[in-house]
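These notes concern the structure reproduced below.
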Amino acid sequence: MKTFNQPLGGNEMARFGGPATMMRLPAATSPDGLDVAFIGIPMDHGTSNRSGTRLGPRQIRDESRMLRPYNMATGAAPFDHLQVADLGDVPINTFDLKKTVDIITDHYRKVLAAGVIPLTLGGDHTLTWPILRAMKEKYGPVALIHVDAHADINEHMFGETVAHGCPFRRAWEDECLINDRVFQIGLRGTGYAADDFDWARGQGWTVVQAEECWGKSLVRLMEIVRDRIGELPVYISYDIDSLDPAFAPGTGTVEPGGLSTWQALEIIRGCAGLNIIGGDLVEVSPPYDPSGNTALIGANILYEMLCVLPGVPQRPSRFSGLTF
């Protein structure tokens with residue numbers, strides 16, 4: 001019987017000790033033999049306001065020490081079915097953003113060639129574009145679930161076409177996306193023009209602004225998303241600033257009126273059954289949340305992504321049955 005890696009438990013080693021890896025999993029130097037790899041991309045030279053996301057992967061890993069292997073809500077036990085490890089960080093060029101983009105694509109080519117599903121710890125949102133380039137080479141154009149306060153579809157920022165506000169415009173130009181299977185959830189805030197989100201709609205993307213989500217469960221929304229995506233390969237990109245800053249202040253471009261943590265869980269858990277080929281959690285900026293709670297939420301979202309990957313059974317929760 002195959003032996004799967006397990007997170008180091010809190011009863012084996014105090015949670016403030018042990019390896020500084022995602023969920024205190026074994027560290028791997030090669031993707032060979034893995035089903036899933038956690039990968040850090042410690043970069044912030046694509047940010048436009050408050051920097052600090054280069055420190056995001058390290059703090060997400062640190063806060064992930066609180067996570068346990070079994071999902072009490074969904075019944076998912078990913079470490080019983082998948083070989084998972086922490087594959088370390090992409091060796092980015094911290095002085096050259098454009099070179100970094102190519103470094104990321106090349107790094108993920110090798111990971112995908114080994115048949116591994118990458119779950120990425122960001123890092124600013126620029127990183128999703130080069131990952132999607134590598135995904136296209138393996139899968140062709142893919143469906144996308146993009147959860148964010150911002151559309152990230154700028155033509156340029158300060159005359160530059162590579163920045164954290166541009167990744168999905170670049171991915172569209174590179175034909176990485178299946179246009180009528182792109183969903184942007186949680187967009188909000190102020191803009192420069194009334195039609196700031198309409199470019200995406202013009203490409204056939206579905207834009208669900210945050211105001212449509214206020215006071216609602218998003219279970220039904222995700223039923224619609226699953227139905228439309230079907231069996232197509234789908235990538236999940238989750239920007240932590242999709243959450244209201246009351247929950248996640250540790251990010252560079254906060255916007256009020258965002259999603260709640262329970263809506264975030266509904267979105268990710270609602271991806272169960274999809275053909276997920278990878279995901280990322282980006283824009284955690286530790287200097288703006290000394291409590292570590294933003295990174296802790298980010299670690300939980302990445303764990304929830306792991307729980308809905310293909311090959312991980314879901315078992316209904318045994319709730320009380322009371323009506324209240």
Side-chain angles (χ1 to χ4, degrees), residues 2-10 15 21-26 28 34-40 57 60-61 63-87 111 115-122 143-147 183 185 217-219 221-223 225-226 229 231 233-240 242-243 247-248 259-282 284 295-319:
K2 185 175 181 179
T3 301
F4 293 102
N5 294 335
Q6 297 293 321
L8 180 60
R15 295 199 177 278
T21 57
M22 184 67 180
M23 293 186 69
R24 304 196 300 179
L25 284 161
L34 299 180
D35 298 309
V36 183
F38 288 107
I39 303 172
I60 291 168
R61 287 183 172 109
E63 299 299 339
S64 75
R65 68 186 186 272
M66 274 303 299
L67 288 164
R68 303 169 185 86
Y70 185 78
N71 192 317
M72 298 301 294
T74 68
F79 301 104
D80 290 349
H81 302 278
L82 300 172
Q83 189 69 291
V84 189
D86 190 320
L87 200 51
V111 171
V116 175
I117 296 175
L119 295 177
T120 302
L121 294 65
L144 175 70
I145 298 172
H146 169 211
V147 191
F183 298 86
I185 302 171
S217 165
L218 301 186
V219 170
L221 169 63
M222 295 312 297
E223 290 175 353
V225 170
R226 286 198 308 274
I229 291 177
E231 298 180 358
V234 58
Y235 186 85
I236 304 170
S237 186
Y238 200 105
D239 189 324
I240 202 72
S242 65
L243 297 175
F247 299 101
L259 303 178
S260 67
T261 51
W262 45 93
Q263 287 175 318
L265 296 178
E266 287 179 327
I267 290 171
I268 303 303
R269 291 174 183 175
C271 294
L274 292 174
N275 180 19
I276 300 164
I277 56 172
D280 61 55
L281 184 286
V282 299
V284 171
L296 176 63
I297 294 167
N300 275 268
I301 290 172
L302 284 161
Y303 168 73
E304 294 285 344
M305 289 186 191
L306 177 66
C307 288
V308 296
L309 291 182
V312 180
Q314 310 289 305
R315 300 178 181 86
S317 300
R318 294 194 294 266
F319 291 134

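All values below come from the heavy atoms of this structure, side chains included, with hydrogens, waters and symmetry mates left out.
- Here salt bridge (Lys or Arg N to Asp or Glu O under 4.0 Å) pairs that include residues 63-87, with residues two or more places apart or in two chains, are Arg61-Asp86, Asp62-Arg65.
- Taking CG of Leu281 as the start and OH of Tyr303 as the end, the distance is 15.5 Å to the nearest 0.5 Å.
- With sequence neighbours left out, Asp280 forms a side chain to side chain donor-acceptor pair (under 3.5 Å) with Thr128, Tyr235, Ser237.
- A pairwise comparison of heavy atoms in Val312 and Ala76 identifies CG1-CB, 3.8 Å as the closest pair.
- Here the CE-OG distance, from Met222 to Ser217, works out to 11.0 Å after rounding to the nearest 0.5 Å.
- Checking side-chain atoms of Glu266 against main-chain N and O of Leu218 turns up a donor-acceptor pair under 3.5 Å.
- Annotation: side chain of Ile145 is in contact with side chain of Leu274 (closest heavy-atom distance under 4.5 Å).
- Thr261 meets the side chain to side chain donor-acceptor pair (under 3.5 Å) test with no other residue; sequence neighbours excluded.
- Side-chain contact between Ile268 and Met305: present, with at least one pair of heavy atoms (C-beta onward) separated by less than 4.5 Å.
- Scored by the ring-ring contact (aromatic ring centres under 6.0 Å, His included) test, Phe79 finds no partners at all (sequence neighbours excluded).
- Ile117 CD1 to Ile276 CD1: the interatomic distance, rounded to the nearest 0.5 Å, is 8.0 Å.
- For Gln314 against Val308, the heavy-atom pair with the smallest separation is NE2-CA, 4.1 Å.
- What you find for Leu259 and Phe247 is that their closest heavy atoms are O-CD1, 3.7 Å.
- The nearest pair of heavy atoms linking Cys271 to Ile236 is SG-CD1, 3.8 Å.
- From Met22, atom CE reaches atom CG of Leu67 across 6.0 Å, with rounding to the nearest 0.5 Å.
- In this structure, the side-chain contact (heavy atoms from CB on, under 4.5 Å) partners of Ala37, at least two apart in sequence or on a different chain, are Leu34, Ile39, Leu87, Val116.
- Summarising the geometry, atom CZ belonging to Phe183 is positioned 8.5 Å from atom CG belonging to Leu221; distances are rounded to the nearest 0.5 Å.
- Here the CG atom belonging to Leu82 is positioned 6.5 Å from the CG atom belonging to Leu306, to the nearest 0.5 angstrom.
- When all heavy atoms of Pro57 and Gly40 are compared, the pair lying nearest together is CB-CA, 4.1 Å.
- Among all heavy-atom pairs drawn from Leu243 and Ala264, the shortest one is CD2-CB, 3.9 Å.
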Are Leu8 and Thr21 close enough, and set up right, to give a side-chain contact (heavy atoms from CB on, under 4.5 Å), and what steps lead you there? CA-CA 10 Å; Leu8 180 60; Thr21 57; over 6 Å; no
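- Shown here are the side chain to side chain donor-acceptor pair (under 3.5 Å) partners of Asn5, two or more places apart in sequence or in another chain: Gln83.
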Could you go step by step and tell me if Met23 and Val84 meet the side-chain contact (heavy atoms from CB on, under 4.5 Å) rule? CA-CA 10 Å; Met23 293 186 69; Val84 189; over 6 Å; no
